[in-house]
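Reading through the structure tokens given below for one structure.
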Amino acid sequence: MADDAFARTLLAWHARHGRHDLPWQTPDPYKRWLAEVMLQQTTVAAAIPYFTRFTERFPDVATLAAASLDDVLALWAGLGYYARARNLHASARLIMTRHGGAFPRTLAAWTALPGIGPSTAGAIVAFAFGVRAPILDANARRVLRRFHGIEGQGTLVTQRLWEHARAHLPRTRIAAYTQAIMDLGALVCRARPNCPVCPLAATCAFEGEAPAVSARTRPERQAVMMLVHRRRGREVLLLRRPPKGIWGGLWSLPECAVLSDVPTRLTELGIDGLVGAPGTPLRHVFTHFALTITPVPVALRPRSCRARANGDIMWHPGGAPAPGVPAPVKRLLNQFW
DNA sequence: AAAACGGGGAT
DNA sequence: ATCCCAGTTTT
């Protein structure tokens, strides 16, 4: 059966108007894997500098597998969704042990790795090996939804979209086609679409946006972060966060819910310090809640701290290479020094 | 089936 | 301020 008009039209459009100069546009499976993981819920522009640093520091899967999780998280810090970095590191080790350092070529083998779902696996095998696999990222989802006039959400709608994604796949030129549907979504069929320049406009079912759903309010949360410093502010105490949950495995500041809890929290940590005046609160907005962080300086009394540096506690000197800290903590530290 | 997960960029 | 993004995992 011949490729359908959808695929032929997209491929023709992509040759002239698609992206051809992204740093990960090579058949190298390592680069494709790294890029696809970085691009989960992340824009191309945000990912590029991280991709460049990563491939310089960890040029291949063996190097990545041999690195410490701390080094990987430090390079990932600021990109968000830190579970991706933990999964990437775990996957690198699995590729070394389970696959002898050779990248698998099947969808099933890729989805068996942590952090790799059906869409990411499809993109990797399509780009790296030309395997005829569909993707359903945000771009493909939006293009297919509009082209086929599919509204609503839920598992049933997602199933239908996957069926369309599979049905449109051409027999050849899979990598170019996969790039084409992504590019159409990113460059033309955006949230606010540019239908007049769209190659699919003549056969597209899209008629206009559904009425916008009312924005739900984000819960507000509060936290106090302590800047416990010694040596006249030259070093600040960092604690490693638990491996699971928000900012898992990253370094952060000692924390408590409200200002009145500060003395108790310091006692728990074995710290005898002079609590200073709270600084300007910092607001940090997440997907599903907003956090207002009140920074409090704490000057450590000489020879009073039982908090010794170990694998989960660090006295961080201002000038040293940045460890993996979440973005708002980085801002607090920069503001402190 | 729904919730959880982070932060940057566009509008 | 709000929306969106080369989605997957956990509950």
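In this text, all values refer to a predicted model and were calculated from it rather than measured experimentally. Throughout, a chain's letter reflects where its sequence line sits, starting with A, and its residues are numbered from 1.
Whole-Å rounding puts the A/Arg86 CZ to C/dT8 P distance at 17 Å. We find that CG of A/Leu156 is positioned 9 Å from P of B/dA1, with the value rounded to whole Å. A/Arg190 places its CZ atom 12 Å from the P atom of C/dC4, with the value rounded to the nearest Å. The interatomic distance linking A/Ile124 (CD1) with C/dA6 (C1') rounds to 10 Å, in whole Å. We find that CD of A/Gln41 is positioned 13 Å from C1' of C/dC3, with the value rounded to whole Å. For the pair A/Tyr177 OH and C/dA6 P, the computed distance is 16 Å after rounding to whole Å. Rounded to whole Å, the distance from CG on A/Leu79 to C1' on B/dG8 is 9 Å. Atom pair A/Leu332:CG and B/dG7:P shows a separation of 12 Å (rounding to whole Å applied).
Across the P atoms, B/dA3 and C/dA6 are found 24 Å apart, a figure rounded to whole Å. For the P atoms, the distance linking C/dT10 with B/dG6 amounts to 13 Å, nearest Å.
Here A/Gln40 lies in heavy-atom contact (under 4.0 Å) with sugar-phosphate atoms only. No engagement by A/Trp76 is indicated, since no non-hydrogen atom pair under 4.0 Å with the nucleic acid exists. The residue A/Ile116 sits close only to the backbone: its heavy atoms come under 4.0 Å of sugar-phosphate atoms, none of a base. Counting any heavy atom pair closer than 4.0 Å across all strands shown, A/Leu22 reaches a base atom. Residue contacts shown for A/Gly78 are limited to sugar-phosphate atoms, with no base heavy atom under 4.0 Å away. Counting any heavy atom pair closer than 4.0 Å across all strands shown, A/Ala327 reaches sugar-phosphate atoms only and no base atom. When heavy atoms are screened at a 4.0 angstrom cut-off, A/Ala123 is found touching no nucleic acid atom at all.
Both A/Leu113 and A/Asp137 sit near DNA chain C, but only A/Asp137 has its closest nucleotide nearer the 5' end. Where A/Thr43 and A/Thr155 each meet DNA chain B at their nearest nucleotide, the meeting point lying more 5' is that of A/Thr155.
Here A/Glu56 does not pair with A/Arg53 in a salt bridge; the nearest charged N to carboxylate O distance is not below 4.0 Å.
Checking C/dA6, C/dG7, B/dG7 against every side-chain atom of A/Leu39, the shortest atom distance belongs to C/dA6. The nucleotide whose nearest atom lies closest to any side-chain atom of A/Ala191 is, among C/dC4, B/dG6, C/dA6, C/dC4. Closest to the side chain of A/Thr120, from the set B/dG6, C/dA6, C/dT8, is C/dT8.
Here the closest heavy-atom approach between residue A/Val258 and residue A/Val224 is recorded as C-CG2, 3.6 Å.
In this structure, A/Val131 is a member of the same hydrophobic cluster as A/Leu113, with clusters built from ILVMFWY side-chain heavy atoms closer than 4.5 Å.
The aromatic rings of A/Trp110 and A/Phe103 lie parallel to each other, their planes meeting at an angle below 30°, with 60° marking the opposite boundary. Relative ring orientation between A/Trp33 and A/Tyr30 is described as perpendicular, the plane-to-plane angle rising above 60° on a 0-90° scale split at 30° and 60°.
Proximity of A/His284 to the phosphate of B/dG7: a side-chain N or O atom is located under 4.0 Å from OP1 or OP2. Dashed line: the shortest gap from a side-chain N or O of A/Tyr81 to OP1 or OP2 of B/dA4 is not under 4.0 Å. Neither OP1 nor OP2 of C/dT9 sits under 4.0 Å from any side-chain N or O of A/Arg84.
The number of heavy atoms from other shown groups lying within 6.0 Å of CZ (A/Arg265) is above 12.
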